[in-house]
Participant: 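Below is the structure I would like to discuss, written out as C-alpha cells.
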Amino acid sequence: QVQLVESGGGLVQAGGSLRLSCAASGRTLSTYVMGWFRQAPGKEREFVAAISWSGRKTYYGDSVKDRFTISRDNAENTVYLQMNSLKPEDTAVYYCAARNRETMSAAIAGNGYEYDYWGQGTLVTVPS
C-alpha cells in the first residue's frame with residue numbers, strides 16, 4: 001500500500017509561483033509513474049503533469065505546458081510540481097497520483113483511471 005501526502009498549496013497572486021510536493025510512504029516510488037491532477041469547483045478532474053519512473057519522460061496538460069514542471073527525487077520518495085506564472089484559472093485542489101506500472105504513454109499519463117493511488121489533495125488559490 002502506498003500513502004501519498006501533498007503539501008505546498010496556498011494563496012498566491014497571479015503571476016506568482018508555488019512548488020507542490022508529494023511525499024510517499026509505504027513503498028518506494030522508484031518504479032512508479034507519478035502524476036498530478038487538479039479539480040476546480042464545479043469542474044471535472046483535469047490532468048496536469050506526469051513523469052516516468054526514471055524522470056526522463058514527462059507529459060503536461062495543454063493548459064499548464066511551459067509554466068509547470070514536474071520532477072521527482074526517488075531517493076527522497078518525493079515528486080514535485082513547480083508552478084510558475086500562475087493564473088486565476090489554476091485555482092483548484094491538486095492531487096498527486098501513483099501508477100504501479102512502469103509503462104507510460106501520453107494516453108496513460110493523462111488518464112486518471114490508470115493510477116492506483118491518490119493523495120488527499122492540496123488547495124491552490126490564485127485570486128483574480
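Quick caveat, the model's predicted, so the values are computed rather than measured.
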Participant: Quick one: salt bridge (charged side-chain N to carboxylate O under 4.0 Å, His left out) partners of Arg99, sequence neighbours excluded?
Facilitator: Glu114
Participant: How would you list, by chain and number, every residue that makes a side-chain hydrogen bond (donor to acceptor under 3.5 Å, both in side chains) with Thr125, sequence neighbours excluded?
Facilitator: none
Participant: Sequence neighbours excluded, which residues qualify as ring pair (Phe, Tyr, Trp, His ring centres under 6.0 Å) partners of Phe37?
Facilitator: Phe47, Tyr115, Trp118
Participant: Can you sort out the partners of Asp62 under salt bridge (charged side-chain N to carboxylate O under 4.0 Å, His left out), two or more places apart, ordered by chain and number?
Facilitator: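 In terms of salt bridge (charged side-chain N to carboxylate O under 4.0 Å, His left out), with neighbours along the sequence ignored, Asp62 is linked to Lys65.
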Participant: Tell me which pairs pass salt bridge (charged side-chain N to carboxylate O under 4.0 Å, His left out) where either residue lies in residues 117-128, with sequence neighbours left out.
Facilitator: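 Every candidate salt bridge (charged side-chain N to carboxylate O under 4.0 Å, His left out) pair involving residues 117-128 fails, so no pair, neighbours aside, qualifies.
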Participant: Mind checking salt bridge (charged side-chain N to carboxylate O under 4.0 Å, His left out) for Asp73 and listing every partner two or more places apart, or none if nothing turns up?
Facilitator: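 Asp73 satisfies salt bridge (charged side-chain N to carboxylate O under 4.0 Å, His left out) with no other residue.
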Participant: What's in the same ILVMFWY side-chain cluster as Val5, cut-off under 4.5 Å, chained through other members?
Facilitator: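 Direct or chained contacts put Val5 with none.
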Participant: Enumerate the salt bridge (charged side-chain N to carboxylate O under 4.0 Å, His left out) contacts for residues 85-96, please, sequence neighbours excluded, ordered by first and then second residue.
Facilitator: Arg38-Asp90, Arg67-Asp90
Participant: Apart from Val79 itself, which Ile, Leu, Val, Met, Phe, Trp or Tyr residues share its cluster (side-chain heavy atoms under 4.5 Å, direct or through members)?
Facilitator: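 Traced through the cluster, Val79 reaches Val2, Leu4, Val12, Leu18, Leu20, Leu29, Tyr32, Met34, Trp36, Val48, Ile51, Tyr60, Val64, Phe68, Ile70, Leu81, Met83, Leu86, Tyr94, Tyr117, Val124, Val126.
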Participant: Apart from Leu11 itself, what residues make up its hydrophobic cluster when side-chain heavy atoms of I, L, V, M, F, W and Y under 4.5 Å apart count as a link, directly or indirectly?
Facilitator: none
Participant: How would you list all residue pairs meeting side chain to side chain donor-acceptor pair (under 3.5 Å) that involve residues 14-27, not counting sequence neighbours?
Facilitator: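 As it turns out, the side chain to side chain donor-acceptor pair (under 3.5 Å) pairs with a partner in residues 14-27, which skip direct neighbours, are Gln3-Ser25, Ser17-Asn84.
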Participant: By side-chain hydrogen bond (donor to acceptor under 3.5 Å, both in side chains), which residues pair with Asn74, not counting sequence neighbours?
Facilitator: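 In terms of side-chain hydrogen bond (donor to acceptor under 3.5 Å, both in side chains), with neighbours along the sequence ignored, Asn74 is linked to Arg72.
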